There are 2 protein chains.
Amino acid sequence: MTSLSSHLGALDPTSDRAVFRQIADQLREAIDRGRFKEGQKLPSEAELVEHYGVSRMTVRNSFSVLQGEGLVHAEHGKGVFVRPRPPVRRLASDRFARRHREQGKSAFIVEADAAGSHPKVDSLEVKEEKADQDISARLGSVRRVLARRRRYLLDGRPVEFATSYLPLDIARGTQIAEPNPGPGGIYARLEELGHHLDHFEEEIRARMPSPAEVKMLQLASGVPVIHLIRTAYDTENRAVEVCDTVMAADAYVLSYQLPAT
Amino acid sequence: MTSLSSHLGALDPTSDRAVFRQIADQLREAIDRGRFKEGQKLPSEAELVEHYGVSRMTVRNSFSVLQGEGLVHAEHGKGVFVRPRPPVRRLASDRFARRHREQGKSAFIVEADAAGSHPKVDSLEVKEEKADQDISARLGSVRRVLARRRRYLLDGRPVEFATSYLPLDIARGTQIAEPNPGPGGIYARLEELGHHLDHFEEEIRARMPSPAEVKMLQLASGVPVIHLIRTAYDTENRAVEVCDTVMAADAYVLSYQLPAT
DNA sequence: CACGCATACTCGTATAGACGAGTGGGCAAG
DNA sequence: CTTGCCCACTCGTCTATACGAGTATGCGTG
């Protein structure tokens, strides 16, 4: 009678459900019921091999199912652990309102400080480049754009990777083309330049990350990304910026307020 | 010289990148470059075993990487195929505007018909039940609610699964408690009952689906879900409905329009 | 011609074994 | 006591094999 018996049952040989799925089911249920808590170590592969009397690959197969569901993650040399749900960042739909544009620091820094996290922005890159087809279409058939890339981190963990694209005739030679765009960010600069912002349009998709995104965001397996594309329009209904953002889905909740009209 | 050589190269034995990752990389690149197109069959496991000179489990491991990325899906007895991107349904932020509430059919049906798809709604269930903690909090501490569950399908494929929760003092005994809520849906009924809608609040998350959701939405592996929770408020700022929606992420693009204020 | 079955090919599941590499603790030498 | 090494335990990668089950094709029988 091992200590595992208290959390995990036996297999049903008559079931037509695959053995590795049965094991995954039992582990999942134990996690859901809180028998294994966040961050806690699951039984090792060897222990499960022993407990269920199956081969190691079968146990690993079970783990890979749970990994794909984002429930657990393995650490080489240590064990398999219940994946903790990181604190989420809530993005409200009024986050670009003018009243939030007063302060010197960026919205990300201010908000994270308020939440007690340690924010950081790195991978800054500002350069002119050729617009790809999609960006070009959104900005109204421009060929070249100013691209501002940056990565956001909370408490050392990368959570978001964003690129802003602006037409050259607007941004070139202005502070927008500088690494530090100044207080209130590029939206404040755009307004100073006479491009009064009227509204934003946001498109949201969710998908699994590419290998490059896994690296940039240090994503565990089983964590999707939220892909948000925001277009800013001025009062003349011209698209003045497109911001392409990829977020670690386990770190975000987006929130929108809609009028019933 | 097999036909595979034209699409796939050789392994680098000096690389410290695992063999199955190298194979996955080559297949991924071939797919990205369009050498294998949407819906097309990839080389069989046996062919890749032959081509690379590795064991079958190594090839399967490569496939499982690509499956986790949502790039391919396997069909028992047939082969492994490049996963086609299904037509997406665009949800605009004005989809609940009053002007869309005139017609007799539901918004889903009207919109899908217009897009040339064959819409269907099934799994209708309307019943009173105990509100869970989250729903209760959103509705302002109600104990029991009317729950309206339904599943939406496009061209036979399930794409969305939604449950609306309404306080009993509003919904009980009205047409809202009937399977068919009538023209304009429950929002039209709510307004007729004197609950004039003021605004909606939507919360969006993305995550991997639970096994139950995989079943309900017939999701391929590597497809996340978008979890949307909408709360409807009347002009007295009372929450009159909470709608919990789980969508197949590969079938949706959400679109919001925000004022710059 | 039509139907049914045999067969070959596909992926799914499972076993058993081997070696490698990261981690951490204990023990021995300095 | 501190340092450094060894070892036990962990997951990672890979091989080889076996059988099962779903699919498609073609051939032979009726």
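Proteins get letters first, then strands, A, B, ... in listed order; numbering begins at 1 in each. Keep in mind it's a predicted model, so treat the numbers as computed, not measured.
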B/H118 side-chain N/O to B/L153 backbone N/O, donor-acceptor pair under 3.5 Å: no

Salt-bridge criterion met for A/R138 and A/E201 (N-O under 4.0 Å): no

Rounding to a whole Å, what distance do you find between A/L42:CG and D/dC11:C1'? 13 Å

Please list, by residue number, the residues of residues 11-22 of chain B whose heavy atoms come closer than 4.0 Å to an atom of DNA chain C; answer none if no residue qualifies. none

Between B/E75 and B/K41, is there a salt bridge with N-O shorter than 4.0 Å? no

Check: A/R21 side chain, A/A18 main-chain N or O, donor-acceptor pair, under 3.5 Å: no

Could you give the CD-to-C1' distance, from A/E45 to C/dA21, as a whole number of Å? 14 Å

Does B/R150 come within less than 4.0 Å of B/E160, counting only side-chain N to carboxylate O? no

Please report the distance, rounded to the nearest Å, between CD in A/E50 and P in D/dC9. 13 Å

Could you state the atom-to-atom distance from CD of B/E47 to P of C/dC11 in whole Å? 8 Å

Check whether any side-chain N or O of A/E47 sits under 3.5 Å from a backbone N or O of A/S44 as a donor-acceptor pair, and report yes or no. yes

Before accepting this row, confirm whether a basic side-chain N of the pair B/D250/A/R205 lies closer than 4.0 Å to the acidic partner's carboxylate O. no

In residues 69-83 of chain A, which residues come under 4.0 Å of DNA chain C by heavy atom? A/H76, A/G77, A/K78

Flag the pair A/E69 and A/R83 as a salt bridge only when some basic side-chain nitrogen lies within less than 4.0 angstrom of an acidic carboxylate oxygen. no

Heavy-atom check, side chain of A/L8 versus side chain of A/Y52, under 4.5 Å: yes

Supply the atom-to-atom distance A/D12 CG to A/R17 CZ, rounded to the nearest 0.5 angstrom. 11.5 Å

When you measure from every atom of DNA chain D, which of residues 52-61 of chain B have a heavy atom less than 4.0 Å away? B/V54, B/S55, B/R56, B/M57, B/T58

